[in-house]
Each structure stands twice: as C-alpha cells, then as structure tokens.
Student: 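This structure is in structure tokens; I'll ask about it shortly.
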Amino acid sequence: MNTLLTRYSTTLLPLLIAVAGVFTTAADSGAAALFTWATLVQAALLVLSTGTDYWLPLVDSRWRGAAKTGASLGFVLLSAAVTAWSATDGHVSKANLLLLGTAILKAAITEVATWIRTDAARLIDARDTPVEEVPSITTLEDLPEPDELTEHAAVGDEVGVDEVEQPAGLDDEPKHLASS
C-alpha cells in the first residue's frame, strides 16, 4: 500500500470527508441556512474533529483508535446536540442534517483509517528470521546442495561462451547487407 496513504490515512481520509461534507452542505443549502448559529457551530465542530484526528496519537491498547475515533464520536454527539437544540426552535435545516451526517461518516472513516494505519504496522518482517525457522510451503522436491550445483556448472562450461562454431557454408554477414 502507498506509504503516504498508510502513514497519514488517519488524517487524510477524515479530512477529505469533512471538506466534501462542508462543500456539499454549502452547495445544497441556501445562504440563509448556512449562516445560522447551529450550522456555524456544527462546521466548527467538524473542523475541530478533523484537527483531533491529526493531533491525537494512536493509543497502545486493544482499540488503537480509541482516542481518534472516540474524539470523533464525541464531536458527533455534540453535533447531534446542536441539531436537537435547533429542533426545539423549529429551525432544523438541510444544512444541519448534512453536517450531522458528515460528522457520522467522518467518525466511521476515522476508524477505518485507523485500521489501515495499524494493519500496515503489523506487517511481519522476516528478514532476520533464521532459515531453519522459516516454514517451507512448497511441495517441490528438495533442491540439490550447493556443492552439487558447482559440479554441474563445471561440466557445462560451454554455456555462455560468445564464440560458437558455425555450420559450413553459413555466412556471418546479415542478409540485408548481402550483395544481390
């Protein structure tokens, strides 16, 4: 997997979702709905949530994304509370629902990005494993020992020699240069 994606997936993927959600909200909602206190607070919560994806580290526990995904879920709850608060006034707009949906999707993507990051760290490096401990997964016959290979190489010395005898009557000259 691409090193850039693997290393920065926990920030880049949620950032792309947040940016796409904000632009979708701006395109689908009217100007009056965009500049309400609830929409501005939800957009600010989405930006803060994306910042926590960058600043919070992966934790050393069973759930590696506890801090990152947990913070995103906390911001989802705050965004839902803002939507519920504006529902009491009767002013829930399409922008509020789009930003709440974006926050939910961003929290899910944060967890998936954490899986990408931690799975890449779990790759097994077998370069330092002794040959005797590496399991054989083939069903081929055993290869000859290196000493036997050297004996066979000594018998076939002719292989790789540049000069090969030509049969009698065969020209070395290329056909396109031959006189007609």
Student: What pairs meet the salt bridge (charged side-chain N to carboxylate O under 4.0 Å, His left out) rule with one or both residues in residues 97-114, with sequence neighbours excluded?
Tutor: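 As it turns out, the salt bridge (charged side-chain N to carboxylate O under 4.0 Å, His left out) pairs with a partner in residues 97-114, which skip direct neighbours, are D53-K106.
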Student: Looking at OG1 of T114 and NZ of K68, how far apart are the two atoms once the value is rounded to the nearest 0.5 Å?
Tutor: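 Going from OG1 on T114 over to NZ on K68, the span is 6.5 Å.
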Student: Scan T52, L73, T69 and name whichever one has a side-chain contact (heavy atoms from CB on, under 4.5 Å) with T110.
Tutor: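 Answer to the side-chain contact (heavy atoms from CB on, under 4.5 Å) test with T110 among T52, L73, T69: T69.
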Student: Starting from V22 and following side-chain heavy-atom contacts under 4.5 Å between hydrophobic residues (I, L, V, M, F, W, Y), which residues can be reached?
Tutor: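 Reading the cluster by chain and number, V22 sits alongside L46, L99.
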Student: When rounded to the nearest 0.5 angstrom, what distance separates CG in L12 from CD1 in I17?
Tutor: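 Answer rounded to 0.5 Å: 12.0 Å.
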Student: Hey, can you pull the donor-acceptor pairs under 3.5 Å for the side chains in residues 74-81, sequence neighbours left out?
Tutor:
unit_1 : atom_1 : unit_2 : atom_2 : d
S79    : OG     : Q42    : NE2    : 2.9

Student: Measure from the side-chain N and O atoms of D89 to the backbone N and O of S86, and report whether any donor-acceptor pair falls under 3.5 Å.
Tutor: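 Looks like no, no N/O pair under 3.5 Å.
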Student: Residues in side-chain contact (heavy atoms from CB on, under 4.5 Å) with V41, at least two apart?
Tutor: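 V41: side-chain contact (heavy atoms from CB on, under 4.5 Å) contacts with W37, L45, V82.
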Student: At what distance, to the nearest 0.5 angstrom, does OG of S29 lie from CG of L98?
Tutor: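 These two atoms lie 5.5 Å from each other.
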Student: What distance separates I104 CD1 from S72 OG, expressed to the nearest 0.5 Å?
Tutor: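 The OG atom of S72 is 12.0 Å from CD1 of I104, to the nearest 0.5 Å.
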Student: Taking only residues two or more places apart in sequence or in another chain, which ones pass side-chain contact (heavy atoms from CB on, under 4.5 Å) with T36?
Tutor: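 Once residues adjacent in sequence are excluded, the partners of T36 under the side-chain contact (heavy atoms from CB on, under 4.5 Å) criterion are A38, T39.
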Student: Hydrophobic clusters here meaning ILVMFWY residues chained together by side-chain heavy-atom distances under 4.5 Å, can you tell me if V112 and Y54 are in one?
Tutor: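 Each belongs to a different hydrophobic cluster.
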Student: If you look at every heavy atom in A71 and L56, which pair is closest and at what distance?
Tutor: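 That closest heavy-atom pairing would be CB-CD1, 3.7 Å.
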Student: Which residues pass the side chain to side chain donor-acceptor pair (under 3.5 Å) test with T50, sequence neighbours left out?
Tutor: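 Side chain to side chain donor-acceptor pair (under 3.5 Å) list for T50, sorted by chain: empty.
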Student: Same cluster or not: L13 versus L105, using hydrophobic residues (I, L, V, M, F, W, Y) connected whenever any side-chain heavy atoms lie under 4.5 Å apart?
Tutor: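 Yes; tracing contacts between hydrophobic side chains, which count when under 4.5 Å, links both residues.
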